[in-house]
**Q** 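One structure is given below, represented as C-alpha cells, and several questions about it will come after.
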Amino acid sequence: MAKKEAVNIEEFLNRPEVKSVTGNVNPELLERRNYMPPVCDVFKNPYTTLKNVEEYSFDIDREANKQLPSLVNNKVQSICSVDSPDELFKEKFSRHRNIGIVFSGGPAPGGHNVIAGLFDAAKKVNPKTKIYGFLLGPDGIIENTTIELTKELVDRHRNIGGFSMIKTGRTKIDTEDKMRLSRETCKELALDALVIVGGDDSNTNAAFLAQELADDGVQVIGVPKTIDGDIQVRDRNGKVLCAMSFGFHTAARAFSKEISNLCTDSSSDVKYWHICKVMGRVASHLAFEVALQTHANMTLIGEDLADYIDEERIKKAEQNNTIDYTAFGMTLRHLSRMICDGITRRAAVGKNYGVLVIPEGVLEFINEIQIFITKLNVIIVEYNQMHDKSFHAEFLLLEDKLDYLRRLARQSREEGCISVWNTRDDDLFNDMPDFFQEGLLTERDSHGNFQFSLVETDKIIMGLVKDYLNFLKEKGIYKIGIQESYYIQTLKAEDLDPDFFGPILFKNYGKTEYLLVKESIISIKTLRQALSNARALKKKEEIPDAIQKIFKKSVPNLKTQTHFYGYDGRGSDPSCFDCNYTYNLGLTVFSLIANGATGQMAAIKNLELDFSEWEPIGIPIAPLMHLEERGGKLSLVIEKSVVDINSTSFKTVKALREKWLAATPGEDHYRSPGPIRFTGKSEEDRPITLLLNALANGRIEI
Ligand code: FBP
C-alpha cells in the first residue's frame, strides 16, 4: 500500500481546488445568481404608463373614507407600454429619483428579486437614480439607517432567498412620533418614493404612510409579501386581482419536500406517526398546499374546522325542541377525536404509522380557544392602558399572570358585575397545562397579532389525542389489524388450526383481509379467559406462542415524532415561480413610481396562467381595508384572506381526504413534489391551489 504523505494543512487550504470546494460560493449558487428572470411583455419596452381599469370596484369602508381621504378613490391600474413616447414623457419618466425600499415582517423567498427588478428598471432609464435600502425593517425608516444599493450588492443577491441584503423587522409605524421621524428621514434623503415590501399589516402601514406623506410629495408603494399566502385580492364581484403573495409557493414547496420525505420514511419504517406543524399565523393556506403536494394522511385546515357542525348533537337537541349552540364549530376535544378516528382506522388495516399536518394557526379556528385569545387580548391592552405599564414586563412569571387573572375573576364574583374574565373562565383556564397557559398569555406582536409560532399547538392537540387513544386502547377499540395470511402462516408453523382459533380471537374472522382481535381481549389475562371460555385452553396450560405473538402484534403503541416547518422554508431559495414573480413585481413597482402612483400595491394578475399571460397591475390599498379588532380596539386594516372552503381546490382536497388517509389495505397514496427549482415548466412551477381553481374556471388546460 502506498505510504500517505503527511499533509501540510496551510498549504492544503491554499490549493485552488481546495479553496473552491471549501468556499462559500458553489456552482449552484452561481447558476442562481446568473439566472435572468423573463419579463412580462409590457416591460420589454423601457417606457410604461398606467391606465385606470374601471371594471373593478370595491366596497369602501366608511372609516377608510375618513382616515385615507386622498387614497380611497384610487383605481386598479394596468401597466401599458408606451411605444413612441414624446420627449416630455421620457423626461418625466426617467428623471433622477431617490427611492427607498424596506422589508417588513417575516422573510419570504423572492424579496431580493423585488429589489433587483426595481434596481434594474430604475437604473435602466436613469443610472443616476439612487435606491436606498432601509436596514432592519421599519426601524431603518424611523432611525434613518440606510445603505445605498449598488449593482455589486444587488447582483450578489439575485434569485437568492431570505432578506439578508438589508434585513427585516416587525416594528409598526403607528405613533405620531414614529410618523414624524419617518417623515424627517424621507426629507433628509430627499425621497421621491418609499417601497414597503410586507404582509397585510405592513401594506396597511403603507397606506397610512402614503396618506401622511402625500403633502410632502413622497409616493408610497406596497408589495404583497408573506409565506402565509393570506394576501389575496379580489374585487367586490370576486374577480381575482392578486391570487397569491410572493414567497408562498417556495415555502409550501420547501415544507412539502421535507414532509414528503417523512411520508417515505414513515411508510418504510412503519413505526412512527410524524406530527408536522406548518407555519401560517392564521390562515391554513400553507398546510392546504402541503396536502396537495404530498397527500399526507391527515391535514387539518383551520377554516374547515371552524365551519364544523355536529349533526348528531343538533338532531338530539331538535328531539328535545331545543337548539344546542355548542354543536356549531369545533372543540379541541372533538378535534382530538377526529384525529384518533383516523389513527385507529389506519391501525385496523395494519398501518400504525402516518403523517399528520397541523397548521400553526389552527387554534384560531377552535371556538373555545379563540374566546380565550380575544379575552386575554382585551385584558392585556386594558392593563397596559390603565397602568401605563406593560403587562408582560410587570408579570414576568406565569404564576404572577395567573394570579392577576384570579384577582379579576374574584373581583367579578364579589362585585357581581359582568366582566371579561369570570370564575368560569378562570376555572377552564386553570384546567389547561402550564405550557398552554403560557402560550395563550404570550406577548402579542407589534401589530397586536397573537404569536401562534410561539405556541406548542401540536403538543396541545397530541396530548389530547394520546389520552383518548389510551382510553380507546383500554376499551379494546384501538388495535392493529393482523393480516389474515400472516395469522394463518404463524399458527400453521406451530401446528395450530387457524380456523379453530380464528373465531375465538377475532371479531371479523374470515370476513376481511385484516383481522381485529376482539374488543374484550386487551391483555394476556383476558386472552387466556377468551381461550378458556371457548374450551381452547386447559386450566394450567400455557397459551401457545403463536397466539401470544399474534396478540402482542395487535397491541398498538403510538410513537410520534414532532416537527416544525417554518423558518427553514421561509429561508429557502426561491422557486422559479417566485423568482419570476418577484422580479416582475420590482419592475411593476418602478412603473407605478415613474407614473406618479401612491397608495397602490404592485401586483401581477393571472399568476395561475402561463407566464405569457401575466399582467402587471397596481391595486389601490385603501379600498381593501376594513375595521378589525387589534390589540383590544377597532383598527383599519387589510382583511386577511383565509382558505375558501367553497373553492374548487378545497372541495378537491375534501373529496380526496379519505383516499389520502388510506385506511384501507394496500399502499398509501403519497406524492413526492421533487426539489425546488428555478427553471423548468411543469405543474410543479405554480401553487397547485391556484392551478386547481384555474382548471375549474376553464382558464387553463394542462
Ligand atoms: P409575515 O406575515 O410577516 O410574512 O410573517 C409570517 C410568519 O412567517 C408566520 O408564518 C409566523 O407565524 C410568523 O411569521 C413568525 O413570526 P416571527 O418571525 O416573529 O417568529
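Note that ligands are numbered from 1 as they come in the structure, with each ligand's atoms numbered from 1 the same way.
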**Q** Under a 3.5 Å threshold, yes or no: a donor from one side chain and an acceptor from the other, between Thr331 and Glu368?
**A**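 No - no donor-acceptor pair under 3.5 Å links their side chains.
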**Q** When you measure from atom 12 (O) of ligand 1 to every protein heavy atom, which one gives the shortest distance, and what is it?
**A**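 It is Glu360 OE1, 2.8 Å.
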**Q** Describe, in one word, how the ring planes of Phe564 and Tyr567 are oriented to each other, choosing from parallel (under 30°), tilted (30 to 60°) and perpendicular (over 60°).
**A**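 Rings of Phe564 and Tyr567: perpendicular, as their planes differ by over 60°.
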**Q** Evaluating non-hydrogen atoms only, which member of Ile231, Asp201, Asp228, Val278 is closest to atom 10 (O) of ligand 1?
**A**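 Comparing heavy atoms across Ile231, Asp201, Asp228, Val278, the nearest one to atom 10 (O) of ligand 1 lies in Asp228.
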**Q** Only one of Asn297, Asp458, Thr560, Ile339 clears side chain to side chain contact (heavy atoms under 4.5 Å, CB included) with Leu356; which?
**A**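 That would be Ile339.
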**Q** Against ligand 1, does Gly280 come closer than 4.0 Å with any heavy atom?
**A**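 Contact present.
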**Q** Looking only at the aromatic ring of each residue, does the gap between the centers of Phe395 and Tyr383 stay below 6.0 angstrom?
**A**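 When the ring centroids of Tyr383 and Phe395 are compared, they turn out to be within the sub-6.0 Å range.
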**Q** When the ring planes of Tyr581 and Trp614 are compared, do they come out parallel, tilted or perpendicular, using 30° and 60° as the limits?
**A**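 Perpendicular.
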**Q** Show the atoms of ligand 1 that are less than 4.0 angstrom away from any heavy atom in Lys225.
**A**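 Answer, ordered by atom number: 1 (P), 3 (O), 4 (O).
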**Q** Mind telling me whether His563 and His274 have parallel, tilted or perpendicular rings, with 30° and 60° as the class edges?
**A**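 Geometry flag for His563 against His274: tilted rings.
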**Q** Using a heavy-atom cut-off of under 4.0 Å, does the side chain or the backbone of Thr226 touch ligand 1, or both, or neither?
**A**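 Contact part for Thr226 vs ligand 1: both backbone and side chain.
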**Q** For atom 18 (O) of ligand 1, what's the nearest protein heavy-atom neighbour? Residue, atom name and distance, please.
**A**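 Residue, atom and distance for the closest contact: Arg570 NH1, 3.0 Å.
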**Q** Give me the nearest non-hydrogen protein atom to atom 20 (O) of ligand 1 as residue plus atom name, then the distance to 0.1 Å.
**A**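 Of every protein heavy atom, Tyr567 OH, 2.6 Å lies nearest to atom 20 (O) of ligand 1.
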**Q** Do His249 and Phe577 have ring centres separated by under 6.0 Å?
**A**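 Yes, the ring of His249 comes within the 6.0 Å limit of the ring of Phe577, centre to centre.
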**Q** Looking only at heavy atoms of Gly105, does any of them come nearer than 4.0 Å to an atom of ligand 1?
**A**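 Right, Gly105 reaches ligand 1.
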**Q** To the nearest 0.1 Å, how far is atom 3 (O) of ligand 1 from its closest protein heavy atom, and which atom is that?
**A**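 The answer is Gly106 N, 2.8 Å.
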**Q** Of all the non-hydrogen atoms in the protein, which one sits nearest to atom 13 (C) of ligand 1, and at what distance?
**A**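 Here the closest protein heavy atom is Arg170 NH2, 3.5 Å.
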